[in-house]
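Remarks on the structure that follows.
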Amino acid sequence: MVSRAWIWMPVACVAAASAAGAQTPAADPAAVTPDDLRTPLAPAFALLDAAPTSVDRPQSARALTMNLFSAFRQGNGLPRHYALDVTPYWLRSHPRLTFDDYYRATVPQTLVRTFAVSVASASLDATDTAPARTSLGLGIRALLLAGQPHPSLQAARDQLMAITMEQASLDDKAVRLEFLIKQARAAGREAEAQTLEAARRVLESQTEGPRAELAARARAVNLRIQALDKDRVGWMVSLATAQVIDFPDDRFQDREIARWGFWVTPAYRVLVCTAGESGECQSTVDLIAVGRYVADRRGDLHDSAWDVGGRLLWQPTKEFAVSAELLRRGGTDATGGEGSNRSVGVLEYRLRDDIVLFGSFGRDFEPPEGGRTLVSLLGLHFGFGRKPVIDLSATKPVR
Amino acid sequence: MATYPPDITQTCPVDDEPVRLTVTIGDGQLGVVSVYLDGILLTRVAGGLGQLLLGRGAALRGRQLHVRTLVNDVLSVTNRMSVSYLISGCPSPCGQTHDGQVDNEGDQLTFRAYFDFV
């Protein structure tokens, strides 16, 4: 399974033409990214302010053990730059879990099947002003409700079963020949067995083309079903929490809890295709609510911040999305201890699988020191990366 | 790396009780089960197979049951696949679980199991 992390990279900031007369880009452009309201997939990375370009996602207990062993060996102790995201339920096989069981999960079953643990470590070398430090982030995430199957799932399933039936039927003659060959050999009729074997080879070559064609069609539908699993509709509720522990000077006894936080994200998705429309329905409306709290205890800091709000997202096609979000922020690091609001509209356009162009406009939170609150931003998201690397210079504020 | 399931061969003693076959495709995957007796197709079904009556044990003795299951990787959360067989009506339990794993998302595997009734 290939992992992929999104790296935020603003390419242009446009503010000068606004009616408010703002002259400079947003002070904290990372505060208005398109995925801002989602519960982080790997909360440990989010809270560590780290942007791993890739993450180890072992699919078996053996792979997990080997990954950890390798990471500890390379780090000569606690791994210094490591990212791991693992869903324990899927580390082993579940022979009794049918496709229908998977989609008819109860709340406890959903919790167990989606419970994921993320671990990340990052080290900073000593500078003139700060000692060396290793930070360890630990996070967990789970879905309480995973949504209902996409309405197109049944049609895709039927299509797949029709193709697979056709594939399986290509074996019938070969199976019969195989049985007759075994029987002939058991009875010592080698000449007959060889004749049958030759017939089997001819049959194999004759069916090679249809087999390849059907396999390609089946694979396309399989991938479509996998994609539909991620496009469920109805209620989806995700929960996450994480904690970051600092080890100043890499001394275990000096460890301190640097940050902790939790996220609750209920969301509801509906399909909004018009009745009788031909083709596949891809247009969706999402109503996403968010509640999150992050406490920062690093050094002398005793800040905390909470956000409550929501986002309305309309996605008429897979490539294009329009959304509006409203967030209320409070906490001891908000403006003078008072809350402030953010109301922003965001446009997103997927240029390629790994590149998303986005623009946002609206009002940002009140900065503690005062200043501009206009958000007017154009940027690109790049998705890439395969190796587990955490670059602390590419940090992204979690709030 | 893909784990191709080795063929399963098992001998199942039978008496005169009705013998039934149950096949479950696990790990949340989807597939088609084909059941052959002495190389002749008995049935082919999409998804699992529950309590298929094969016949009385005495009529099955000396014959070979072949279960061939073509499984699709339809879940992105796992590349594992498994097929479980249970043959009921035998004096001693007869059945196994067959595991495999695909390399690439959306791939397929064929699981072959042979049961000789004695």
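Note that the structure is predicted; figures quoted are calculated from it, not measured. Sequence lines set the chain letters: A, B, ... in the order given, protein chains first and strands last, and positions in each chain run from 1.
No part of A:Thr87 comes within reach of chain B, as not one of its non-hydrogen atoms sits under 4.5 angstrom from that chain. Of the two parts of B:Gln108, only the side chain, counted from C-beta on, holds a non-hydrogen atom closer than 4.5 Å to a non-hydrogen atom of chain A. With a threshold of 4.5 angstrom between heavy atoms, B:Arg44 approaches chain A through its backbone and through its side chain. For chain B, no part of A:Asp101 is nearby; none of its heavy atoms comes within less than 4.5 Å. Heavy atoms of A:Phe179 lying under 4.5 Å from chain B belong exclusively to its side chain. For chain B, no part of A:Ala156 is nearby; none of its heavy atoms comes within less than 4.5 Å. At a 4.5 Å heavy-atom cutoff, the contact between B:Val45 and chain A is made by backbone atoms alone.
In terms of heavy-atom proximity, B:Ala46 sits nearest to A:Met161 at CB-SD, 3.4 Å. Nearest heavy atom pair, residue B:Asp38 against residue A:Arg176, reads O-NH1, 2.5 Å. Taking both residues in full, the closest heavy atoms of B:Asp99 and A:Ser93 are given as OD1-OG, 3.8 Å, listed atom of the first, atom of the second, then distance.
Using a distance-only test at 3.5 Å, with no hydrogens or angles considered, a donor-acceptor pair links the side chain of B:Arg80 to the main chain of A:Leu91. Here the side chain of A:Arg96 pairs no donor or acceptor atom with the backbone of B:Asp27 at under 3.5 angstrom.
In this structure, CG on B:Leu70 lies 11.0 Å from CE on A:Met165, to the nearest 0.5 angstrom. Rounding to the nearest 0.5 Å gives a distance of 4.5 Å between CD of B:Gln64 and NZ of A:Lys182. The line from CG of A:Leu97 to CD1 of B:Ile25 is 12.0 Å long, rounded to the nearest 0.5 Å. The distance from the CG atom of A:Asn222 to the CG atom of B:Asn72 is 4.0 Å, given to the nearest 0.5 Å. In this structure, CD in A:Glu178 is found 10.0 Å from OH in B:Tyr36, a value given to the nearest 0.5 Å.
In terms of non-hydrogen atom pairs under 4.5 Å with chain B, the most contact-rich of A:Gln183, A:Arg157, A:Arg113 is A:Arg157. Most heavy-atom pairs under 4.5 Å with chain B, from the set A:Thr98, A:Leu160, A:Asp172: that is A:Asp172. Contact count against chain B (heavy-atom pairs under 4.5 Å) is highest for A:Trp90 among A:Tyr103, A:Tyr89, A:Trp90. Ranked by heavy-atom pairs under 4.5 Å with chain B, the first of A:Ala162, A:Ala218, A:Ser169 is A:Ser169. Between chain B and the residues A:Asp229, A:Leu223, A:Thr164, the most heavy-atom pairs under 4.5 angstrom are made by A:Thr164. Taking chain A as the reference chain and counting heavy-atom pairs below 4.5 Å, the highest number among B:Thr97, B:Asp107, B:Val83 is found for B:Asp107.
Using modelled atom types and a 3.5 Å distance limit, the side chains of A:Gln226 and B:Asp73 yield a donor-acceptor pair. A donor and an acceptor atom, one from each side chain of B:Ser34 and A:Asp171, are nowhere located under 3.5 Å apart.
Dense packing is recorded around CD of A:Glu213, with more than 12 heavy atoms of other residues, nucleotides or ligands lying under 6.0 Å away. Atom CD of A:Gln148 sits in a sparse spot, with 12 or fewer heavy atoms from other residues, nucleotides or ligands closer than 6.0 Å.
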